[in-house]
K.L.:
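Below is a structure I'd like to ask you about.
All values derive from a computational prediction rather than experimental measurement. Residue numbering restarts at 1 for every chain, and letters A, B, ... go by the order of the sequence lines.
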Protein chains: 2
Amino acid sequence: MTTEPLNYRSLCPLSTALDLIGDKWSLILVRDMCMGKSKYGDFQNSPEAIPTNILANRLRKLESNGILVKRPYQDKPVRYEYCLTLKGAELLPVIQQLARWAHQHVAESMPPPAWFLNAKPEDLIKASKL
Amino acid sequence: MTTEPLNYRSLCPLSTALDLIGDKWSLILVRDMCMGKSKYGDFQNSPEAIPTNILANRLRKLESNGILVKRPYQDKPVRYEYCLTLKGAELLPVIQQLARWAHQHVAESMPPPAWFLNAKPEDLIKASKL
DNA sequence: TTAATCACTTGCAATAAGCAAGTTACTATT
DNA sequence: AATAGTAACTTGCTTATTGCAAGTGATTAA
């Protein structure tokens, strides 16, 4: 498997999950990948405007935690795409629940698109090797 | 309603949700309240060992965002309890999905108790005024 | 040759987290 | 009456993380 931090605050499943993806940006990136985005520039262009150094850092962490895979889709010049693994795709239910909650309880938030709420993790993985 | 930050990164529901509870500690506290904990000292005694200044700060934020209510349950000396509102209790599905995900994909994490996975938000609110 | 794009890295300032100790208001003990 | 103890915090300070602006290397396009 991939290298994981190994310094969990506790072994409570919620706590370990938060240690891996419980920061301000990780799930935003997972969302973007759920929406079909896959390139560095795509992530930068999201409305939340992630700083570029943090983007690079989060992509590295998510990769080393097995949530996404980075692979070149061309050379000269080399360009990479970032795709969810099964582990990453299965965060979809988490994101769906968060979006549902915000829609119900945060007045300012926009409604999540229906296709998003009905999507399944399996729909998201396009030929990645787990 | 209660005072909310009003400085959301975007109006995407996921993004607004993360702006409210997407930090390292908020959901840990919501989990504790889901488990029946309600006092300052209870939260401090959780295995993740939240620093006391951060605990006080998070309780304030969660209260001002309408996720919990703080109320005295005795005076002389005054002691407070912190209880989930409906808004807070409805984070349960989010936490359940996170726990489920960790159990499936994080080798080190313990299995979530069955009663927890089957609990419903309504079960959690004990006579708070929404 | 110059300009442009993509995918980053680097340096530094600002913000947040974490640790230890102190405080206030009581109750209980000697 | 003095001492100790507990609950719920606050304060000061150090360390770590974020965020902003600018710079870099590879390559294509004008």
K.L.:
Is it true that A/L91 and A/M35 fall in one hydrophobic cluster, defined by side-chain heavy atoms closer than 4.5 Å?
P.N.:
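In one cluster with A/L91: A/M35, yes.
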K.L.:
So if I take every side-chain heavy atom of B/Y82 and compare against C/dA7, D/dC9, C/dT27, which nucleotide ends up nearest?
P.N.:
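That would be D/dC9.
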K.L.:
For A/S26 and A/D23, test the side chains for any donor-to-acceptor distance below 3.5 angstrom and give the result as yes or no.
P.N.:
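Judged by distance alone, the side chains do pair up.
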K.L.:
Please state how far atom CD1 in A/I50 lies from atom P in D/dT17, giving the value in whole angstrom units.
P.N.:
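Interatomic distance, CD1 of A/I50 to P of D/dT17: 16 Å.
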K.L.:
Among the nucleotides C/dC26, C/dG18, D/dC9, which one has an atom lying closest to any side-chain atom of B/Y80?
P.N.:
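The listed nucleotide nearest to B/Y80's side chain is D/dC9.
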K.L.:
Calculate the interatomic distance between A/K37 atom NZ and C/dA7 atom P; express it in whole Å.
P.N.:
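For the pair A/K37 NZ and C/dA7 P, the rounded distance is 13 Å.
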K.L.:
Scan B/D23 against the nucleic acid and name what it touches under 4.0 Å (heavy atoms): base, sugar-phosphate only, or nothing.
P.N.:
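No contact.
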K.L.:
Counting heavy atoms from C-beta on, name the nucleotide in C/dA25, D/dG19, C/dG18 closest to the side chain of A/N53.
P.N.:
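In terms of side-chain proximity for A/N53, the closest of C/dA25, D/dG19, C/dG18 is D/dG19.
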K.L.:
Rounded to whole angstroms, how far apart are CG on B/L55 and C1' on C/dA16?
P.N.:
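Between C1' of C/dA16 and CG of B/L55: 16 Å.
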K.L.:
Reckon B/R60 has a side-chain N or O less than 4.0 Å from the OP1 or OP2 of D/dT10?
P.N.:
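So the side-chain polar atoms of B/R60 do come within 4.0 Å of the phosphate oxygens OP1 or OP2 of D/dT10, strictly under.
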K.L.:
Using whole Å, report how far CG of B/L29 lies from P of D/dC9.
P.N.:
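Atom-to-atom, B/L29 to D/dC9, this comes out as 13 Å.
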K.L.:
Under 4.0 Å between a side-chain N or O of B/K24 and OP1 or OP2 of C/dG18?
P.N.:
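So the side-chain polar atoms of B/K24 do come within 4.0 Å of the phosphate oxygens OP1 or OP2 of C/dG18, strictly under.
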K.L.:
Tell me the interatomic distance from A/D19, atom CG, to D/dA16, atom P, rounded to whole angstroms.
P.N.:
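My rounded result for the distance is 17 Å.
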K.L.:
Relative to the 5' end of DNA chain C, which residue comes earlier, B/R58 or B/T52, by the nucleotide with the nearest heavy atom?
P.N.:
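Nearest nucleotide further toward 5': that of B/R58.
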K.L.:
Taking A/Q96 for the side chain and A/A119 for the main chain, is one N or O donor matched with an acceptor at less than 3.5 Å?
P.N.:
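At least one qualifying donor-acceptor pair exists.
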K.L.:
In whole angstrom, give the distance that lies between atom CD of A/E48 and atom P of D/dC20.
P.N.:
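Those two atoms, CD and P, are 14 Å apart.
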K.L.:
Which residue, A/A49 or A/D75, contacts DNA chain D at a nucleotide closer to its 5' end, judged by nearest heavy atom?
P.N.:
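Closest to the 5' end, via its nearest nucleotide, is A/A49.
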K.L.:
Kindly point out which of C/dT9, D/dC9, D/dA26 is positioned nearest to the side chain of A/R79?
P.N.:
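Selected nucleotide (nearest to the side chain): D/dA26.
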K.L.:
Can a side chain N or O of A/K70 be found less than 4.0 Å away from OP1 or OP2 on C/dC8?
P.N.:
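Answer is yes, contact under 4.0 Å.
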K.L.:
Does A/W25 put a side-chain nitrogen or oxygen below 4.0 Å from OP1 or OP2 of D/dT17?
P.N.:
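The answer is no; no side-chain N or O of A/W25 sits under 4.0 Å from OP1 or OP2.
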K.L.:
So, B/Y80 versus B/S38: side-chain donor-acceptor pair below 3.5 Å or not?
P.N.:
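There is no such pair (donor and acceptor under 3.5 Å, judged by atom type) between the side chains of B/Y80 and B/S38.
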K.L.:
In whole Å, I'd like the distance from the NZ atom of A/K39 to the P atom of C/dT5.
P.N.:
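It works out to 15 Å between those atoms.
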K.L.:
Within this structure, what is the CD1-to-P distance between B/I54 and C/dT15, rounded to whole angstrom?
P.N.:
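My rounded result for the distance is 17 Å.
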K.L.:
Is it the case that A/Y40 and A/T52 place a side-chain donor and acceptor less than 3.5 Å from each other?
P.N.:
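Short answer, yes.
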